[in-house]
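Nothing here was measured: the structure is a model prediction, and the numbers come from that model. Scope of the values below: all heavy atoms of this structure, side chains included, with no hydrogens, waters or symmetry mates. Each ligand, and each atom within it, is numbered from 1 in the order the structure gives.
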Amino acid sequence: MCDNVKPLHVRLTFHGDLDFFLRSKSGRSVERALSERTSIKDVIESYGVPHPEVDLILVDGEPAYFSRVVENDAKVDVYPVTADRRTFFPEKRLQVLDVQRFVADGHLGKLVRDLRLLGLDALYHPTAEDRQLLDMATMGNRALLTRDRRLLMHAVVQHGYCLRSQQPLEQTAEVLRRFDLASMLAPFSRCLRCNAPLEPVEKATVLEQLEPLTKLYYNEFRRCAGCGQIYWRGSHFAKLEARVAQLKERL
Ligand SMILES: [Zn+2]
C-alpha cells in the first residue's frame, strides 16, 4: 500500500451542548479514518456541527484554527461558546461575542419580533432565499440566526447561531446569552414591523393619522424612521411590556 492512500485516524470529542448537532447519538467521542488530508473545519462539519458554533479547537491539547490539516492519530477536542471562555484558552477562541446586528431566516418571525421589541437590530424577510441571507450577513457584518445547520456551514458565514429550541421565548433567551446582549437592551426603541429606530414625534405632527380615542387619551408618540408606523402606550402596550419582562427574566 502506498503511503499517500493510508487512512489517517483521528478521534474527535465534542464538548458542551455540541452533541445537539451530532447525527449519531451514540456518544460525544467519535473515531474516524480519513482517506485524504482534510482541514479540521471539514472534519468537524462532516459530523453536522457548523463552524460558527465552534469556539475552541484543541489538537492534542494545543489550540488550533479551522484551517489546520488533520494529522494521523490526532486527538481533537471541540468546544462550543460557553461561559468558561474567559478562563480556558481565552486568547484562542474562534468566535466573537460582541455582535449586535442580526439577520434571521424566514422561519424565525417571532424571534425577530422579540429581538426588535428589545431594541436589537434584526433583519428579516419571510421569503428571503439562502443566498440573500448570506449576503445580508456578510455585507452587514451580521450574525446569521437560523435552524438550518447547512446554511451556517457555508464558508462565508463569519458569525452565526443555530437555535436549539423551537419556542420563540427560549430562542430569544438563547440569542441574548450567546451574544452577551443583556446590557444592550433598549426596549421600545425599534420598529417591530421594519427594524428601523423609533423617534419621538410631536402629537400635532401625527394628529391626522390617529383614531379619535387615541387622540383623546394619549399625548406621547414615537414614529418609525423607516416605515412611518406610529407607536404609543395604548392597550396593546401592557402586553408588550409583559413580554419584555418575561424575556428579561430568562437572562
Ligand atoms: Zn417601521
Side-chain angles (χ1 to χ4, degrees), residues 98-148 151 159-161 163 167-176 178-251:
D98 61 344
V99 181
Q100 287 142 19
R101 290 152 59 85
F102 302 93
V103 54
D105 84 19
H107 303 287
L108 298 172
K110 288 181 179 164
L111 165 67
V112 166
R113 189 179 158 87
D114 276 347
L115 294 176
R116 290 176 180 172
L117 182 60
L118 295 170
L120 297 166
D121 180 344
L123 286 189
Y124 173 72
H125 297 289
T127 57
E129 293 182 357
D130 289 358
R131 186 69 249 172
Q132 293 169 295
L133 292 168
L134 294 170
D135 284 349
M136 284 190 275
T138 52
M139 290 192 287
N141 197 27
R142 292 171 179 273
L144 177 58
L145 306 175
T146 180
R147 297 198 83 238
D148 179 351
L151 187 58
H159 319 296
Y161 178 76
L163 286 310
Q167 303 300 323
L169 197 65
E170 184 52 32
Q171 287 179 341
T172 307
E174 285 180 27
V175 174
L176 299 182
R178 164 63 181 81
F179 295 98
D180 200 15
L181 294 166
S183 63
M184 301 302 302
L185 307 185
F188 308 109
S189 63
R190 195 171 287 275
C191 182
L192 302 182
R193 281 173 32 165
C194 80
N195 195 48
L198 302 183
E199 297 167 341
V201 62
E202 291 296 329
K203 185 176 180 179
T205 315
V206 296
L207 204 59
E208 285 184 3
Q209 295 161 263
L210 304 177
E211 298 291 334
L213 288 178
T214 310
K215 262 185 220 175
L216 193 60
Y217 290 116
Y218 300 96
N219 294 306
E220 285 184 20
F221 296 89
R222 285 179 170 194
R223 185 168 57 190
C224 171
C227 71
Q229 172 84 4
I230 299 162
Y231 291 82
W232 66 93
R233 291 172 173 261
S235 54
H236 58 287
F237 190 76
K239 257 176 108 173
L240 293 177
E241 272 189 316
R243 184 76 177 174
V244 168
Q246 259 185 319
L247 293 166
K248 284 186 167 176
E249 264 173 27
R250 296 199 165 224
L251 286 176

Under 6.0 Å between ring centres: does that hold for Tyr161 and Phe102?
no
Quick note, salt bridge (charged side-chain N to carboxylate O under 4.0 Å, His left out) partners involving residues 115-141, not counting sequence neighbours, are Arg101-Asp121, Asp121-Arg142, Arg131-Asp135
Salt-bridged, Arg147 to Asp105, with N to O below 4.0 Å?
no
Check whether any side-chain N or O of Tyr124 sits under 3.5 Å from a backbone N or O of Leu111 as a donor-acceptor pair, and report yes or no.
no
Ala128 meets the side chain to side chain contact (heavy atoms under 4.5 Å, CB included) criterion, sequence neighbours left out, with His125, Gln132, Leu133, Met136
Listed partners of Asp98 passing side chain to side chain contact (heavy atoms under 4.5 Å, CB included), at least two apart:
Val96, Gln100
Could you please tell me which protein N, O or S atoms lie under 2.8 Å from the Zn ion (ligand 1)?
Cys191 SG, Cys194 SG, Cys224 SG, Cys227 SG
